[in-house]
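Here's the structure we're looking at; comments come further down.
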Amino acid sequence: MDNAIARFQTAVNLTPDGHLHKPTLLNNLANSLRTRFKRLGVLDDIDNAIIQNQAAVNLTPDGHPDKPIQLTSLGSSVCIRFKRIGNLDDIDNAIAQHQAAVNLTPDSHPDKSGWLNNLGNSLRTRFEHLQNLDDIDNAIAQHRAAVNLTPDGHPLKPRWVNNLGNSLLTRFQRLGNLGDLDDAIGRHQTAVNLTPDGHPDKSGWLSNLGNSLRTRFDHLENLDDLDNAIAQHQEAVNLTPDGHPGKLSPLNNLGNSLLTRFRRLGNIDDMDNAIVQHQKAVDITPDGHPGKLSPLRNLGSSLLDRFQRLGNPYDAETAIFHLSAASLSPVGSPSIRLFTARRWIHAASITNHSSLLTACESAITIIPLVAWLGLSIQDRHQHLAQIGGVVRDAAAIAISLGQYDKAVEWLERGRSVVWTQILQLRTPVDELRAVEPVLADRLLRVSSLLDQGNQDIKLENEDKQSPEEEARQYRALAKERDEIIEKIRSLPKFEDFLRPLKLHRLIEAAKNGPVVVINVSEKRCDALALVYGAAGAVHIPLPDLTSDGVTKLQVEFNALLTSSRVRLRAVRDEDPEMGGDEGCKRILAQLWDHLVKPVLDSLAFSHGPDALPRIWWCVTGQLAFLPIHAAGVYDTGESSRQIQDYAISSYTPTISTLLEQTDAPAHKPFRHLSAIEPSSGASYIPNTEKELECIRRRFHNRDHVVLHKADATRERVMNAMKECNWLHLACHGIQDVNNPTKSALLLHGGKLTLEEIIRLNLPHAEFAFLSACQTMRGDEYLSDEAVHIAGAMSLAGYRSVVATMWSIEDALAPKVADEFYARILVDGERPDNRKAAEALHFSVKKLREGEKDMKMLSWLPFVHLGI
């Protein structure tokens, strides 16, 4: 190989750039360098190969029949470098080159199937890193096209069929469609059958067939599949000579299948053999190679399983060593690193290992990388939905170790991740501009472009872009922003720029009342209160609150709401089944006994003072769907106790949100917008007309803009929101359970979606009253992400929001609005959005006292979010 490279280099050096064969010579040199890199792993070889590939492309004129060859060769080289280094620019470039080669080649050309196959491989590679479903769907389409264009008997057909199987298996692992899995097994078996013994590719096809069979066993638990998988993996290992660069994958896969059989049957020989195979895979992979993550993780998992079976401390110590190495690796898939960190946490927990907090810190640090800013909001939410309760479990561990401040900081970092990312895009840079104005302007420009949305908008030029081009540009902007922030952090006094806030800063959010974070974990449940002036977080144990108990309460409460048909704002009939008061009382009493009362007692809140104090609830898990603000014992006697008698409750998705809202005073003159649409897309809401009359009466001598019925279009409302700092919306609201960012307010002729609200960025917005249904009902799979309309309004800039957890009774809405504005509007004074929580509290209280037969589900949904 060295001799071949030397000869190709000499040929290139002796050939002038204008020579007809120069591009071919450059491509041959690149191919040889790429081959040597695959064998020896020297980065200079792949870097040099890419330089030669690019030169070949540049010297080949458009329209030349060799252009697709040069393009796909360049794509292959940069894809290989991506797999080693993980630079997203490389995989985007690879896909672009492969796509160009495909576009330039007619279907009748014999090389077309190869170009399609290479494009499919690159798309699957990017999917494995970013998890964008469009990539894996597109990869499968390219692989199918490659297979269909290739006649039976063609020597490359087994390779195309195998790669189609790989992509189908990858999609199954994400979506769980058994049709994909059966198809993958069929394709892999076909590739094996079509490949003669002794062929160098046979071991790879056998290994992939084994992976598909083991995956089917994981889902259907047919032992024949697992035994067959192990047989395929063992044959793949036997066919691959020692020292071959392709030996890693068969060894790793054989170890995985043996570990799976041990977990099912308990044969210790399988366990020992699995560890041997995983150890070999680790040993033959150089340090720093991203491909080492998987065997490190698997070796650690195998050793941990053996420790749990046999109790040898050496196995536990070695498992933690390997798991920590994979989790802390600076390269490789964030998803693999996070999975490994969770295994590390488990291993350190069961052994009381000194690395436990470090393991938790590792997991918390990786989460924003999994939900990277360069992905669409929907993709980020999908990743976060799969993470589960790792943040809450880490906080529970910190609490168990007496690290209360750290628990608060972790919960702040690992929850509402997308929310925090969006707020950071809007961070003022006045201090930075005074020191580095050019860097500040670059950050603002890139952040502004990212803040415009995602891949569904043009970012910098007016020409129509393909979705692939838009996605690539968006990721490039996110990468550029990461680089800018690193440069800023290298400046004196800016070392912590946009880093997560420490507790001494977070505690400033409690200036106007305590902020109580409720952590719900399967390990334990606790409250952590921030009290202004305290040295640290106040720990309040909640021994009677459990994760299972909270889930049962939420299920019971959902059933109550469903049976009461409270999902749309509407006129309600007098069906006694709709009351649900007894069910509400049971749930609210448990919330009082197990959660709220211990918190109030610990904070020394007293019953019924003249001026009620404020309290903010920052809840986690399924508590986000329960009415903490109304917890209490609703008896008629002296035992009656409700939180409303002790404090005025508000919610906040994060602690830092309160800091941002408190730090931003109002500057613009007061102007109020009322957008009233009683009929768009759903049943007519007659009392919105009364609601508008009440608002007009209260605002008769103030600057008040009204958009009513046909005037309340999506475009007009959005434009008016930019001009007005107070907002009242009365309309239907809907929650999209399949894509929460498409949850919306129904306006005339169209929807105002959560995604569109987030993009508004209204720095002068102050207060919003959302007199619509389900505006603070989030997604149950994203309970820690505040994915609801009220949260979107807060992100857009509204510092104080009145919202609803479920539907509101149409006849009650105008009464609440009228009483609310009567309290918050004082003649001659500018309305203060900081008094919204108090105004809502006493408005609802007055209506309850005035209508003794009011059903609990009628007044319970009204909540306050923000300052």
Side-chain angles (χ1 to χ4, degrees), residues 173 206-208 210-219 221 223 225-238 240 242 247-287 289-329 332-333 335-353 355-356 359 362-363:
Q173 290 167 335
L206 288 163
S207 188
N208 293 336
N211 286 342
S212 296
L213 288 163
R214 183 183 69 246
T215 301
R216 189 165 68 183
F217 167 79
D218 290 338
H219 287 78
E221 296 194 344
L223 276 172
D225 278 340
L226 185 55
D227 291 340
N228 193 4
I230 291 171
Q232 306 303 321
H233 288 314
Q234 186 64 66
E235 187 176 356
V237 169
N238 296 341
T240 309
D242 292 340
K247 188 91 171 186
L248 164 64
S249 183
L251 287 168
N252 195 42
N253 292 333
L254 174 58
N256 290 342
S257 291
L258 288 164
L259 177 61
T260 299
R261 189 165 68 182
F262 165 76
R263 289 173 175 171
R264 174 62 187 271
L265 300 179
N267 186 330
I268 198 67
D269 289 339
D270 279 340
M271 167 59 63
D272 291 340
N273 196 4
I275 291 171
V276 169
Q277 306 308 320
H278 286 146
Q279 185 68 63
K280 289 179 180 178
V282 167
D283 292 342
I284 66 174
T285 311
D287 291 340
H289 194 294
K292 194 158 189 170
L293 284 184
S294 182
L296 279 171
R297 174 195 64 187
N298 296 332
L299 176 57
S301 294
S302 298
L303 287 162
L304 183 60
D305 275 33
R306 190 165 70 181
F307 165 75
Q308 291 178 290
R309 175 69 178 269
L310 301 180
N312 186 335
Y314 177 78
D315 281 342
E317 190 70 32
T318 311
I320 288 172
F321 174 80
H322 292 304
L323 293 171
S324 63
S327 177
L328 297 174
S329 171
S333 165
S335 297
I336 293 178
R337 289 174 58 203
L338 180 59
F339 175 89
T340 308
R342 298 180 76 166
R343 292 291 289 165
W344 179 13
I345 291 170
H346 175 64
S349 294
I350 63 175
T351 58
N352 294 317
H353 197 268
S355 69
L356 180 54
S362 172

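Just so we're clear, the structure is a prediction, and the values are computed from it rather than from any experiment.
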### Task
Please report the C-alpha distance between I275 and L303 in whole Å, then the side-chain angles of each, then the deciding distance to 0.1 Å, and finally whether the side chain to side chain contact (heavy atoms under 4.5 Å, CB included) criterion is met.
CA-CA 7 Å; I275 291 171; L303 287 162; 3.9 Å; yes
### Task
Go through the steps for W344 and L304 under the test side chain to side chain contact (heavy atoms under 4.5 Å, CB included), then give the verdict.
CA-CA 9 Å; W344 179 13; L304 183 60; over 6 Å; no
### Task
Tell me, with the steps shown, if N298 and V282 meet side chain to side chain contact (heavy atoms under 4.5 Å, CB included).
CA-CA 9 Å; N298 296 332; V282 167; over 6 Å; no
#### Entry: Worked verdict on D270 versus R263 for salt bridge (Lys or Arg N to Asp or Glu O under 4.0 Å)
CA-CA 9 Å; D270 279 340; R263 289 173 175 171; over 6 Å; no
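Closest of all the heavy-atom pairs between N252 and A281 is N-CB, 4.1 Å. Shortest non-hydrogen contact noted between A326 and L293 is O-CD2, 3.1 Å. Scanning both residues, S362 and A341, for their nearest heavy atoms gives OG-CB, 4.0 Å. Minimum interatomic distance between L259 and S302 (heavy atoms only, all atoms of both residues): CD2-OG, 3.6 Å. Looking at every heavy atom in both residues, A325 comes nearest to L296 through CB-CD1, 4.3 Å. The minimum heavy-atom distance between H233 and S257, with the atom names listed, is CD2-OG, 3.0 Å.
For D283, there are no salt bridge (charged side-chain N to carboxylate O under 4.0 Å, His left out) partners two or more places apart in sequence or in a different chain.
The CG atom of L338 sits 9.5 Å away from atom OG of S333, with the distance rounded to the nearest 0.5 Å. In this structure, the separation between OG on S294 and CD1 on I336 is 5.5 Å, given to the nearest 0.5 Å. Going from atom CD of Q234 over to atom CG of N253 covers 12.5 Å, rounded to the nearest 0.5 Å.
Using a 4.5 Å heavy-atom cutoff, the side chains of H278 and N256 are in contact. Within the 4.5 Å cutoff, the side chain of N267 has no heavy atoms near those of the R261 side chain. Side chains of L258 and D272 form no contact here, defined as non-hydrogen atoms less than 4.5 Å apart. At least one side-chain heavy atom of Q277 sits under 4.5 Å from a side-chain heavy atom of N273. Between R214 and D225, the closest side-chain pair of non-hydrogen atoms is not below 4.5 Å. A 4.5 Å side-chain heavy-atom check between K247 and V237 finds at least one atom pair inside the cut-off. In this structure, the side chains of T351 and F307 come closer than 4.5 Å at one or more pairs of heavy atoms. At a threshold of 4.5 Å between non-hydrogen side-chain atoms, the residues I230 and T260 do not count as touching.
Between the side chains of N208 and S212, no donor-acceptor pair is found at a separation under 3.5 Å.
Screening residues 315-325 for side-chain hydrogen bond (donor to acceptor under 3.5 Å, both in side chains) gives R306-D315, E317-H353 as the qualifying pairs, with residues at least two apart or on separate chains.
R337 contributes a side-chain N or O that, together with a main-chain N or O of S327, makes up a donor-acceptor pair within less than 3.5 Å.
Taking the charged nitrogens against the carboxylate oxygens, R343 and D305 do have a contact shorter than 4.0 Å, which makes a salt bridge.
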